[in-house]
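A short worksheet on the structure shown next.
Just so it is clear: chains get the letters A, B, ... in the order the sequence lines come, proteins before strands, and each one is counted from 1. What's counted below: heavy atoms across the whole structure, side chains too, no hydrogens, waters or symmetry copies. It should be emphasised that the depicted structure is a prediction, and the values quoted were computed from it without experimental measurement.
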Number of protein chains: 2
Amino acid sequence: MDANQMNSTNDTVCKLREKLAAAGLRPTRQRLEIGNLLFESGDRHFTAEMLHAEANRLRYPPSLATVYNTLHLFAAHGLLREIAVYGAKTWYDTKTGPHFHFYREDREELFDIPDALIPILNIAAPEGTMIEAIDVVVRLRSI
Amino acid sequence: MDANQMNSTNDTVCKLREKLAAAGLRPTRQRLEIGNLLFESGDRHFTAEMLHAEANRLRYPPSLATVYNTLHLFAAHGLLREIAVYGAKTWYDTKTGPHFHFYREDREELFDIPDALIPILNIAAPEGTMIEAIDVVVRLRSI
DNA sequence: ATAGCTGCAAATGCTTTGCAAGGCC
DNA sequence: GGCCTTGCAAAGCATTTGCAGCTAT
């Protein structure tokens, strides 16, 4: 294990390497570092800017272009999910399965709606189309 | 009726003037023209760019800045609804009540989901917050 | 060896803003 | 008259891209 992986367990790194391999992605230093940040703890919700800020604390931080690149790649290969919210920024979620989100506008926080609260959305796609995804964002404000 | 209102009925213009007045907005030439474009036919879904292109066919087209300005104003006063979709552009809808949307990615088209297809979303807001709005976008792709 | 990655900086695309001139009450 | 609006052009911000040099297989 080299210096770049000092703060992750061997186990975590191995799983991540498998994850990348399964997706057909080369295990570059930058992807491993970003992957470690993203997947070492539970579900995370973040923007490119937030991830880049976090990555800048690493010894050899990946560039902003690489952060965007990696996020797109991870999303395209099912390791992450993109979420459209009001405002300019794109959000990402490490939980990829179907679920909905709360967005707290005053704090700019995005978080999952617990499964228990989710009714089944049973919507039929129009002729000639199929449903790619269902995006539900419940916007909240403080009382 | 002056030259700026040639292609709208007197009736339509009067209603629009009332609408603006009710919202506390001055009935400027640009707002009346934009309002006519938006409300003369049924429900419409559009982006700022689309509206600006359409407005450019008028004799004295409002500037792009005014188009954005007016859209924000109308949205803030409940005459329009903003919709967040993937991609950089903000969409607007002349139907302001609660309803959901289909977004056809390959054609970049946004349209309403018929009310009949909509199940009730009965989601409780977390402590200390209230629900501002529920945004549902079902993304479609061609088969 | 070679196809794929990365970093930098410049470019892009949508949206916002500063400010001077014009319009509505 | 005085405040609100508009138009223009410049700025802003998140994101993308071109390209030369590096890296994984």
Side-chain angles (χ1 to χ4, degrees), chain A residues 2-5 13 16-35 46-53 55-56 58-77 79-80 82-92 108 110, chain B residues 2-5 13 16-35 46-53 55-56 58-77 79-80 82-92 108 110:
Chain A
D2 69 36
N4 301 314
Q5 300 165 358
V13 174
L16 182 51
R17 284 182 173 277
E18 285 164 21
K19 221 172 191 170
L20 291 176
L25 299 174
R26 289 187 183 176
T28 66
R29 174 174 62 77
Q30 291 86 343
R31 289 177 188 168
L32 289 169
E33 287 180 344
I34 290 175
F46 57 93
T47 64
E49 173 190 46
M50 290 163 62
L51 178 59
H52 185 234
N56 273 333
L58 298 173
R59 182 192 291 268
Y60 302 107
S63 72
L64 182 57
T66 297
V67 168
Y68 276 104
N69 220 339
T70 304
L71 288 176
H72 288 153
L73 221 48
F74 281 13
H77 289 84
L79 276 56
L80 290 177
E82 282 186 326
I83 301 153
V85 184
Y86 281 84
K89 298 174 198 168
T90 301
W91 284 78
Y92 292 86
E108 296 192 3
L110 188 76
Chain B
D2 68 38
N4 299 315
Q5 298 165 359
V13 173
L16 183 50
R17 282 184 175 277
E18 284 165 20
K19 221 170 191 173
L20 291 177
L25 299 176
R26 289 187 182 177
T28 66
R29 173 174 64 77
Q30 291 86 343
R31 289 176 190 168
L32 289 170
E33 287 180 345
I34 290 175
F46 58 93
T47 64
E49 174 190 47
M50 290 164 60
L51 177 58
H52 185 233
N56 274 332
L58 298 174
R59 185 193 288 268
Y60 301 107
S63 71
L64 181 59
T66 298
V67 168
Y68 275 105
N69 218 339
T70 304
L71 288 176
H72 288 152
L73 221 48
F74 281 14
H77 289 83
L79 276 54
L80 291 176
E82 282 185 325
I83 301 154
V85 184
Y86 281 85
K89 299 174 197 168
T90 300
W91 285 78
Y92 292 87
E108 297 193 2
L110 188 77

Practice item. Determine whether Thr70(A) and Pro62(A) make a side-chain contact, defined as any pair of heavy atoms from C-beta on separated by less than 4.5 Å. Key: no
Study note, to complete from the structure: In terms of heavy-atom contacts, Leu32(B) and Pro27(B) come closest through CD1-O, 3.8 Å
Point to revise | Nearest-Å distance for atom pair CZ/P, residues Phe74(B) and dT5(D) | key: 11 Å
Review point. Below 4.0 angstrom from OP1 or OP2 of dG7(D), is there any side-chain N or O of Gln30(B)?
Key: yes
Point to revise | Rounded interatomic separation in angstrom, taking CG from Leu25(A) and C1' from dT6(C) | key: 15 Å
Review point. Val67(A) pairs by side chain to side chain contact (heavy atoms under 4.5 Å, CB included) with which of His52(A), Met50(A), Gln30(A)?
Key: His52(A)
Practice item. Specify the closest pair of heavy atoms between Ile34(A) and Thr66(A), including all atoms of both residues, with the distance to one decimal. Key: CD1-O, 4.4 Å
Study note, to complete from the structure: Under a 4.0 Å heavy-atom criterion, the protein footprint on nucleotides 15-25 of chain C, written with B, S and -, is BBB-----BBS
Check your understanding: Which pair of non-hydrogen atoms, one from Ala55(B) and one from Pro61(B), has the smallest distance, and what is that distance?
Key -> O-CB, 3.5 Å
**Study point:** OP1 or OP2 of dA24(D) under 4.0 Å from side-chain N/O of Arg31(A)
**Key:** no
Check your understanding: For the pair made of CD1 in Ile83(B) and C1' in dC14(C), what is the distance, rounded to whole Å?
Key -> 17 Å
Check your understanding: Would one find a side-chain N or O of Thr66(A) under 4.0 angstrom from OP1 or OP2 of dG7(C)?
Key -> yes
Review point. Less than 4.5 Å apart, any side-chain heavy atom of Lys89(B) and any of Val85(B)?
Key: no
Practice item. Using whole Å, report how far CG of Leu71(A) lies from C1' of dT6(C). Key: 15 Å
Exercise for review: Would you kindly give the NE2-to-P distance between His77(B) and dC4(D), to the nearest whole Å?
Suggested key: 12 Å
Check your understanding: For the pair made of CG in Leu20(A) and P in dT25(D), what is the distance, rounded to whole Å?
Key -> 10 Å
Point to revise | Residue pair Tyr92(A) / Glu82(A), side-chain donor-acceptor N/O under 3.5 Å | key: yes
Practice item. Please state how far atom CG in Leu32(A) lies from atom P in dT6(C), giving the value in whole angstrom units. Key: 10 Å
Practice item. Round to the nearest Å and state the distance from Met50(B) atom CE to dG13(C) atom P. Key: 18 Å
